Amino acid sequence: MTGQDRLGRARVIVVGAGGLAAPVLSYLAAAGVGRLTVIDDDAVDLSNLQRQVIHRTEDVGVSKVESAVRAVHDLNPDIEIVGVPERLTADNALPLFAEHDLVVDATDNFATRYLVGDACVLLGLPLVWGSIHRFDGQVTVWSYDEGPCYRCVFPQPPPAGAVPSCAEAGVLGALPGVVGAMQATEAVKVLLRMGEPLAGRLMLYDALRAAWSSVPVRRDPECAVCGAHPTITTLTESAASCEMPAAEDGEAVPEIGARALAGLVATGHPPVVVDVRTDAEREIARLPVGIHVPIETLRDGTGLARLDAVDADTVFYCKGGTRSAEAVRLVRDATGVQARSLAGGILAWIDDVDPTLARY
Ligand SMILES: Nc1ncnc2c1ncn2[C@@H]1O[C@H](COP(=O)(O)OP(=O)(O)OP(=O)(O)O)[C@@H](O)[C@H]1O
């Protein structure tokens with residue numbers, strides 16, 4: 001009863017209402033956590049249902065927060081569920097978090113992760129954190145007791161475009177279920193001060209090998225936010241530190257617009273067009289012309305042999321334009337030929353040229 005009372009008085013904010021949030025919200029609601037707040041600015045997309053199992057087919061198009069609030073309320077009408085249909089930013093994070101005992105990060109991008117991590121340090125709140133990518137998951141509790149904060153271990157975000165999103169790289173649908181359930185478990189342990197919460201240990205889950213492992217993570221005395229001489233003392237400074245530089249050597253490359261490329265294709269003598277995306281992405285949608293040379297094979301050099309015909313007219317494309325710009329730079333560095341990147345990637349082609357292709 002003591003523990004149940006404690007849960008009933010607890011206030012938890014979950015950032016994001018997607019794949020990780022689905023089990024987190026469900027289990028915390030079922031456990032009787034007295035007040036749950038969920039913040040997200042997105043709407044449910046059909047492609048989300050593969051892993052964001054708190055939402056239903058009839059919720060497609062509806063705000064994720066509205067759908068999540070409904071699901072939580074259906075599960076446990078005795079708790080308070082507050083939906084905030086907004087994006088978490090440097091302006092609203094502190095006042096929102098301050099009303100809670102614990103924060104759960106269930107988001108999918110680095111800018112938000114640093115914002116959430118820094119806000120928790122500034123407010124002295126524990127942060128239950130999870131992340132997923134393809135077949136791998138990570139989970140830990142930051143800024144709890146004497147454990148490290150997110151920035152102690154990951155001082156800077158990776159360069160923009162260096163890490164593909166779940167939509168680009170894919171993610172096994174049940175994986176956020178595993179990692180999110182672990183986050184919910186840690187949240188309950190922290191709220192009840194029970195057992196040994198995952199502070200100071202980063203758990204790694206490899207779904208393909210069905211293996212869990214953990215690495216110790218330590219506090220950095222020089223940490224920019226929780227160290228002895230912090231250089232980040234406000235969320236404005238936090239956000240500024242996350243204006244992520246483009247990927248290494250990320251200067252602009254020559255581009256061609258989707259309509260201009262479509263004009264060249266229509267002449268019947270198009271330039272060499274190179275798709276640098278994954279096989280899975282090509283199965284969803286592809287341009288009507290061109291060859292396939294995945295970006296990984298350009299990074300490791302094995303794909304360069306397939307680019308004999310590359311010249312200044314050649315056009316590389318990917319989903320949104322980041323990987324294709326990297327491809328142009330890689331090919332230029334390896335061969336001296338300066339090709340072009342399709343501005344806005346296949347998404348721009350779908351918008352401007354062929355809306356019948358599937359978006360993803
Ligand atoms: N700053 C933020 N404020 C509020 N919600 C955020 C913020 N950053 C990310 N999110 C939300 O976190 C959730 C993360 O969910 P998830 O990773 O399952 O995928 P998704 O973004 O819906 O996926 P997809 O890339 O396939 O569209 C999303 O609903 C997203 O809108």
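Numbering of ligands and ligand atoms starts at 1, following listing order. What you see is a predicted model; the values in this text were computed from it and never measured.
- Across all their heavy atoms, Ala21 and Val14 have their closest contact at CB-CG1, 3.9 Å.
- Note: an N/O pair closer than 3.5 Å links Arg51 and ligand 1 by distance alone.
- Within the 4.0 Å heavy-atom shell around ligand 1 one does not find Pro176.
- Side-chain N or O atoms of Arg151 include one that pairs as donor or acceptor with a backbone N or O of Pro155 at under 3.5 Å.
- Of all atoms in ligand 1, listed by their number and element, those nearer than 4.0 Å to a heavy atom of Leu88 are 1 (N), 2 (C), 3 (N), 4 (C).
- Residue Ala111 does not touch ligand 1, judged by heavy-atom distances below 4.0 Å.
- In this structure, the ring pair (Phe, Tyr, Trp, His ring centres under 6.0 Å) partners of Trp129, at least two apart in sequence or on a different chain, are Trp142, Tyr150.
- Residue-level proximity to ligand 1 for Asn48 is carried by the side chain, the only part with a heavy atom below 4.0 angstrom.
- Atom OH of Tyr27 has 12 or fewer heavy atoms from other residues, nucleotides or ligands within 6.0 Å.
- The distance from ligand 1 to the heavy atoms of Lys64 drops below 4.0 Å at these ligand atoms: 20 (P), 22 (O), 28 (C), 29 (O).
- Using a 4.0 Å cut-off to heavy atoms of Gly19, the atoms of ligand 1 that qualify are 15 (O), 16 (P), 18 (O).
- Where the criterion is an N or O separation shorter than 3.5 Å, residue side chain and backbone included, Asp40 meets it with respect to ligand 1.
- When heavy-atom distances to ligand 1 are checked against a 4.0 Å cut-off, Thr112 comes that close only through its side chain, counted from C-beta outward.
- Neither the backbone nor the side chain of Thr89 comes within 4.0 Å of ligand 1, counting heavy atoms alone.
- The salt bridge (charged side-chain N to carboxylate O under 4.0 Å, His left out) search around Asp351 returns Arg359, not counting sequence neighbours.
- Near Gly16, the atoms of ligand 1 lying under 4.0 angstrom from a non-hydrogen atom of the residue are 11 (C), 12 (O).
- Shown here for Glu80 and Val82, the closest heavy-atom pair between the two residues is OE2-CG2, 3.7 Å.
- No heavy atom of Asp45 sits closer than 4.0 Å to any atom of ligand 1.
- Under 4.0 angstrom from ligand 1, the non-hydrogen atoms of Glu86 all belong to its backbone.
- Glu58 has no carboxylate O lying under 4.0 Å from a charged side-chain N of Arg70, or vice versa, which leaves the two without a salt bridge.
- Lys189 has a carboxylate O that lies under 4.0 Å from a charged side-chain N of Glu186, or vice versa, which qualifies the two as a salt bridge.
- Within 6.0 Å of atom CZ in Arg282, more than 12 heavy atoms from other residues, nucleotides or ligands are found, so the atom counts as buried in its surroundings.
- Ligand-side atoms of ligand 1 in range of Gln52: 16 (P), 18 (O), 19 (O), 20 (P), 22 (O), 23 (O), range being under 4.0 angstrom from any heavy atom.
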